[in-house]
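See structure below.
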Protein chains: 2
Amino acid sequence: MKTILYFLLDRWADFEAAYISTAVAMLGEGKFENKTVSLSAAPVRSVGGFAAVPDYVLSDVPDDYAALILIGGMSWHGEEAAKVKPLVEKTLKSGRLLGAICDACRFLGTMGALNHCRHTANDFDELVRSAGAAYTNANGFVHRQAVCDGNVVTANGTASAEFAREVLRALLVADEKTIDCWYEFHKLGLYTAPLPGMR
Amino acid sequence: MKTILYFLLDRWADFEAAYISTAVAMLGEGKFENKTVSLSAAPVRSVGGFAAVPDYVLSDVPDDYAALILIGGMSWHGEEAAKVKPLVEKTLKSGRLLGAICDACRFLGTMGALNHCRHTANDFDELVRSAGAAYTNANGFVHRQAVCDGNVVTANGTASAEFAREVLRALLVADEKTIDCWYEFHKLGLYTAPLPGMR
């Protein structure tokens, strides 16, 4: 069983976690498991007010996880967020998948983690302003909903479904066609998505 | 402050709760609050594996809530789900907003709660089969992503954003234009949605 870690900080964005976690659970059943992580064991409130009890705290994250996904929200700045950097560095160095969506992309920029891969974020100018000298890869910024380059997946905050699709592909959670069907069904909706077998 | 209740059962669908709860929190800040309810005080796992601590258990739901939203998932059948019926009946009788998405619509059908309003669900045939004689309103079934009729909002499981839009409109969480902008931004995404002021 491969473990995917979802890092949640206070006021995490519900919809940025929702598609990727359910798709992994449903398409990867029996092969992948989702686990949440936070800075402490206390429930972490989402933007929508849902209180999630983390499965792990930062200090007891298992060593054999397959991917680390940073869920966007209102707290990817300051000293609390900085505590997540060692886990991000470990993930990158060991070649495991690192995913970040919305403001978590800007956070990666501030720690120099976007300097060696094509990537996206909510807003290029905001990324440059916020990361300053730590960000040296303006040429690597791509104006797309979600970008996967090597082991790094980034997406803006309106790209929950596209982010999920890229992570599912990168982890080989299912075959390409199954992933595309899942994406179209949820993105386009029951009455617009192609019928199964008609793609 | 108006309270919106979200009923969660075991294996609730993350994405069905995510758009409505965050939109209420962001567009209705200071006027609306989101509270989760479940059958017991224990954390309720979502399909994606997130463990939500409910704010209320069924027996201590506050009397002055403004709306009840039934979040779909894997447990809207059997004796456990049946315990939610009195709260649904109270909501309908008092003219407060009742929302249901995905399998929670079928649940409403089995208790006869769709017989006096236009409505939708995941699948018409499944609704008829499951609800049997309790469902007498086949003419009221609408093949659309989400339907609002009077105080009842229903939606299929691929219609999280459309469900949110109908609930936001019905509760007057914001003005129509703000709600439409929010919907298009999240549905179409950063690079496709109309620029603010260009709709």
Side-chain angles (χ1 to χ4, degrees), chain A residues 4 6 8 11-26 29 32-36 42-55 71 73-74 102 120-123 143-146 155-162 164 184-193, chain B residues 4 6 8 11-26 29 32-36 42-55 71 73-74 102 120-123 143-146 155-162 164 184-193:
Chain A
I4 303 178
Y6 298 81
L8 305 179
R11 301 196 72 205
W12 54 278
D14 309 58
F15 54 84
E16 292 169 7
Y19 282 110
I20 174 64
S21 63
T22 53
V24 164
M26 301 197 74
E29 198 177 354
F32 291 86
E33 61 173 8
N34 295 322
K35 295 289 179 185
T36 52
V44 207
R45 287 268 174 195
S46 67
V47 171
F50 283 44
V53 189
D55 295 307
I71 302 300
M74 306 301 189
C102 198
T120 193
N122 283 347
D123 182 70
H143 291 270
R144 288 190 58 181
Q145 285 286 83
N156 77 66
T158 67
S160 301
E162 290 81 8
E184 289 175 359
F185 189 60
H186 286 280
K187 184 70 180 184
L188 303 175
L190 183 60
Y191 297 108
T192 313
Chain B
I4 303 179
Y6 298 81
L8 305 179
R11 301 194 73 204
W12 54 278
D14 310 57
F15 53 84
E16 293 168 8
Y19 282 111
I20 174 64
S21 63
T22 51
V24 164
M26 300 197 75
E29 199 178 354
F32 291 86
E33 60 173 8
N34 295 323
K35 296 288 180 185
T36 52
V44 207
R45 286 267 175 194
S46 68
V47 171
F50 283 44
V53 189
D55 294 308
I71 300 301
M74 306 303 189
C102 197
T120 194
N122 283 348
D123 182 70
H143 290 270
R144 287 189 59 181
Q145 284 286 82
N156 77 64
T158 67
S160 301
E162 291 80 10
E184 289 175 358
F185 188 59
H186 287 280
K187 184 72 179 180
L188 304 175
L190 182 62
Y191 297 108
T192 313

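Note that these values count all heavy atoms, side chains included, but never hydrogens, waters or copies made by symmetry. Numbers restart at 1 for each chain; the letters A, B, ... are given by sequence-line order, proteins then strands. Source: prediction; values computed, not measured.
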At what distance, to the nearest 0.5 angstrom, does CG of A/Leu8 lie from OG1 of A/Thr36?
-> 5.5 Å
For the candidates B/Ala193, B/Ser21, B/Ala161, which exhibits the highest count of non-hydrogen atom pairs separated by less than 4.5 Å from chain A?
-> B/Ser21
Side chains of B/Ser46 and B/Asp14: do they bring a donor and an acceptor to under 3.5 Å?
-> yes
Residue, of A/Thr192, A/Thr158, A/Asn156, that accumulates the most heavy atom pairs under 4.5 Å with chain B = A/Thr158
In Å and rounded to the nearest 0.5 Å, what is the CZ to CG distance from A/Arg144 to B/Leu190?
-> 13.5 Å
Heavy-atom pairs under 4.5 Å with chain A are the metric here; pick the option from B/Gly189, B/Ala17, B/Gly49, B/Pro43 that has the most.
-> B/Gly189
Under a 4.5 Å heavy-atom cutoff, which of B/Gln145, B/His186, B/Lys187, B/Glu162 has the most pairs with chain A?
-> B/Gln145
Value for OG1 (A/Thr120) from OH (B/Tyr191), rounded to nearest 0.5 Å, stands at 4.0 Å
For B/Ser160, is it the side chain, the backbone, both or neither that has a heavy atom under 4.5 Å from a heavy atom of chain A?
-> side chain
Sort B/Lys35 into side chain, backbone, both or neither according to what part of it lies under 4.5 angstrom from a heavy atom of chain A.
-> neither
B/Arg45 versus chain A, the contacting section by heavy-atom distance below 4.5 Å | side chain
Has B/Met26 got more than 12 heavy atoms of other residues, nucleotides or ligands less than 6.0 Å from its CE?
-> no
Is any side-chain heavy atom of A/Trp12 less than 4.5 Å from a side-chain heavy atom of A/Tyr6?
-> no
For chain A, which of B/Leu188, B/Val44, B/Val47 has the most heavy-atom pairs under 4.5 Å?
-> B/Val47
So which part of B/Ile20 gets closer than 4.5 Å to some heavy atom of chain A, the side chain, the backbone, both or neither?
-> neither
Looking only at heavy atoms, the pair that brings A/Ala146 and A/Ala155 closest together is CB-CB, 3.9 Å
Return the set of residues passing side-chain hydrogen bond (donor to acceptor under 3.5 Å, both in side chains) with B/Asn122 (not counting sequence neighbours), or none when no residue passes.
-> none
Part of B/Val24 within contact of chain A (heavy atom distance under 4.5 Å) = neither
Which answer fits A/Ala52, side chain, backbone, both or neither, if we ask what part of it has an atom under 4.5 Å from a heavy atom of chain B?
-> both
